[in-house]
Number of protein chains: 2
Amino acid sequence: MEKIDTRDRIIAIADDLFYQQGFEHTSFKDIANLLNISRGNFYHHFKTKDQILSGVIERRLKKTKAMLEEWEKQGDTPNQRIKCYIRIVDANWDKIKDFGCPVGTLSNELAKLNHLNRKDATKVFTLFREWLRKQFTQISHNIDADNLALQVLSWSQGIATMATAFQDKSYAEQEISKMCHWVDTYRREK
Amino acid sequence: MEKIDTRDRIIAIADDLFYQQGFEHTSFKDIANLLNISRGNFYHHFKTKDQILSGVIERRLKKTKAMLEEWEKQGDTPNQRIKCYIRIVDANWDKIKDFGCPVGTLSNELAKLNHLNRKDATKVFTLFREWLRKQFTQISHNIDADNLALQVLSWSQGIATMATAFQDKSYAEQEISKMCHWVDTYRREK
DNA sequence: GTCTATATAATGATAGAC
DNA sequence: GTCTATCATTATATAGAC
């Protein structure tokens, strides 16, 4: 396991570039240059560019699952855990202001391309959605947890899009603190 | 004025295609096929593809201004006028669920491309923002009208992104009605 | 103003040597 | 597993006839 697998390195670089440049705008040449490998080498690991996309989405699903598990450990209460999600816009501000949310922007790009992997990209959203739903359920069984999960996703996506358009960090911070306060209006029953 | 200008026809088709396929994914060939003109003909009207983008953004700015003026006539109160904006997600649902919001998705695409016209695309957002700010100011001078304008934009963008990802119309309708109700918590002083 | 023909560069993808 | 050709296609863009 000492040697880093080329396939994994391709996917890791493609993940970054698909996020920062968009899927379609990223060429094999871009990835090859950053990895110092030849373009022909790609086709030993992937038959098509779409397969790289599949690999990238798979990687994002794995990373997201790992992050959600980490948040389970970090937050003692469901409210705290939900706030872990809310704060990622602030934590990743520098990237979001330039490239948007990686989940939302890929979803939008693949929608326009009518791409076969569109539904797969949505799965990343679904991971967050179900995790958030689970947290809200732990707060109370008398609330529409799935609906609240969607609201958190939606709110965050709005902030991310505004961030990319206007790059106003103070507005984002304000909205994030409002969201955190809003979450705490839902309290666990004793 | 009987003859429709080819330049205008190019921009109108490009406007649609940039929205539905993305700017970069749309080729001259795509536009030419729909217009039944030759590719070479383009360069009589535009020197580069970027100039078509500029033309499209200019067109969108004009159309947006016209729409905002129309809403000024339609709504008797600032609250009603703001709701004209809020309802466009519902009115354009069929397109938004497939292609997202034309303003937000172009803003995001040009951000990733680090495109020279990125700031111009943001101007469409700014038109809505300033118009909404004006409406909120008419409701009351004791509120942060610009901040509320941003909130309306942000909220709508979140709904649009969720629409493209999950295509759940009932959720969108619910959020829209919540927004309308929220707007009416701000009332004009007598 | 519109067309055909063409230049040029880049793309995704393949074949085969090492 | 990686490389160097190379192919076929597509893209933006140009030149010049009509």
Side-chain angles (χ1 to χ4, degrees), chain A residues 1-59 106 109-110 112-118 120-121, chain B residues 1-57 106 109-110 112-118 120-121:
Chain A
M1 288 288 287
E2 288 182 40
K3 193 179 151 204
I4 299 167
D5 193 39
T6 300
R7 189 181 185 278
D8 292 340
R9 292 173 66 214
I10 290 174
I11 289 179
I13 294 287
D15 190 353
D16 284 348
L17 290 180
F18 288 177
Y19 172 42
Q20 297 181 16
Q21 308 185 337
F23 164 66
E24 186 155 57
H25 187 246
T26 300
S27 66
F28 286 154
K29 193 183 174 185
D30 293 332
I31 304 172
N33 284 348
L34 281 175
L35 277 179
N36 284 318
I37 63 170
S38 71
R39 265 181 297 166
N41 194 352
F42 276 96
Y43 295 89
H44 178 73
H45 303 282
F46 305 94
K47 286 179 185 170
T48 67
K49 190 181 177 183
D50 287 353
Q51 284 190 2
I52 301 183
L53 176 61
S54 292
V56 166
I57 293 174
E58 201 178 330
R59 176 187 153 94
L106 183 65
E109 183 181 2
L110 297 188
K112 280 188 204 290
L113 298 178
N114 200 18
H115 197 284
L116 285 172
N117 284 326
R118 178 182 176 185
D120 291 323
Chain B
M1 287 289 288
E2 289 184 41
K3 190 178 149 203
I4 299 168
D5 192 40
T6 300
R7 188 181 185 279
D8 292 339
R9 292 172 66 216
I10 290 173
I11 289 179
I13 293 288
D15 191 352
D16 285 347
L17 289 180
F18 289 178
Y19 173 41
Q20 296 181 16
Q21 307 185 339
F23 164 66
E24 186 155 59
H25 186 245
T26 300
S27 66
F28 287 154
K29 193 182 174 186
D30 292 333
I31 305 171
N33 284 348
L34 281 175
L35 276 179
N36 282 321
I37 64 170
S38 72
R39 268 177 294 166
N41 193 351
F42 276 95
Y43 295 89
H44 178 73
H45 302 282
F46 305 93
K47 287 180 185 171
T48 66
K49 189 180 177 184
D50 286 352
Q51 284 190 1
I52 301 182
L53 176 60
S54 292
V56 166
I57 292 174
L106 183 65
E109 183 181 2
L110 297 188
K112 280 188 205 288
L113 298 178
N114 201 16
H115 197 284
L116 285 172
N117 284 327
R118 179 183 176 182
D120 290 324

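Chain naming here is simple, since letters A, B, ... match the order of the sequence lines and numbering starts at 1 in each.
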For DNA chain D, the dot-bracket pattern of Watson-Crick and G-U pairs whose distances stay under 3.5 Å, | for other-strand partners: ||||||||||.|||||||
Kindly compute the distance separating [atom1] ([X]) from [atom2] ([Y]), expressed to the nearest 0.5 Å.
{"X": "Asp8(B)", "Y": "His45(B)", "atom1": "CG", "atom2": "NE2", "value": "10.0 Å"}
{"X": "His25(A)", "Y": "His25(B)", "atom1": "NE2", "atom2": "NE2", "value": "13.5 Å"}
{"X": "Ile11(A)", "Y": "Gln51(A)", "atom1": "CD1", "atom2": "CD", "value": "10.0 Å"}

With a 4.5 Å cut-off on side-chain heavy atoms, are [Y] and [X] touching?
{"X": "Arg9(B)", "Y": "Ile13(B)", "value": "no"}
{"X": "Asn41(A)", "Y": "Leu35(A)", "value": "no"}
{"X": "Val56(B)", "Y": "Tyr19(B)", "value": "no"}
{"X": "His44(A)", "Y": "Thr6(A)", "value": "no"}
{"X": "Ile10(B)", "Y": "Ile37(B)", "value": "yes"}

Gap between atoms CG and C1', on Leu35(B) and dG1(C) respectively (whole Å): 14 Å
Interatomic distance where CD1 belongs to Ile10(A) and C1' belongs to dT2(D) [whole Å]: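 The answer, rounded to whole Å, is 11 Å.
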Option passing side chain to side chain contact (heavy atoms under 4.5 Å, CB included) with Phe23(B) (candidates Ile52(B), Leu110(B), Leu17(B), Asn117(B)): Leu110(B)
Polar side-chain atom of Glu109(B) near backbone of Gly22(B) as donor-acceptor pair, under 3.5 Å: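 It does not hold such a pair.
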Within residues 12-29 of chain A: residues closer than 4.0 Å to DNA chain C (heavy atoms):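 Contacts with DNA chain C under 4.0 Å: Thr26(A), Ser27(A), Phe28(A), Lys29(A).
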Nucleic acid contacts - residues 42-51 of chain A versus DNA chain D, non-hydrogen atoms under 4.0 Å: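 Within residues 42-51 of chain A, the residues near DNA chain D are His44(A), His45(A).
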Contact list for residues 35-58 of chain A, test salt bridge (Lys or Arg N to Asp or Glu O under 4.0 Å), sequence neighbours left out: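 Counting only pairs at least two positions apart or across chains, no salt bridge (Lys or Arg N to Asp or Glu O under 4.0 Å) contact touches residues 35-58 of chain A.
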Listed once per pair and sorted, the salt bridge (Lys or Arg N to Asp or Glu O under 4.0 Å) pairs that draw on residues 13-35 of chain B, sequence neighbours left out: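 Found Asp15(B)-Arg59(B), Asp15(B)-Arg60(B).
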Whether Phe42(B) and Phe28(B) hold their rings parallel, tilted or perpendicular, with breakpoints at 30° and 60°: parallel
Give me, pair by pair, the N or O atoms of the protein and of nucleotides 3-9 of chain C that are less than 3.5 Å apart, along with how far apart they are.
from: dC3(C); atom 1: OP2; to: Ser38(B); atom 2: N; distance (Å): 2.9
from: dC3(C); atom 1: OP2; to: Ser38(B); atom 2: OG; distance (Å): 3.3
from: dC3(C); atom 1: OP2; to: Asn41(B); atom 2: ND2; distance (Å): 3.2

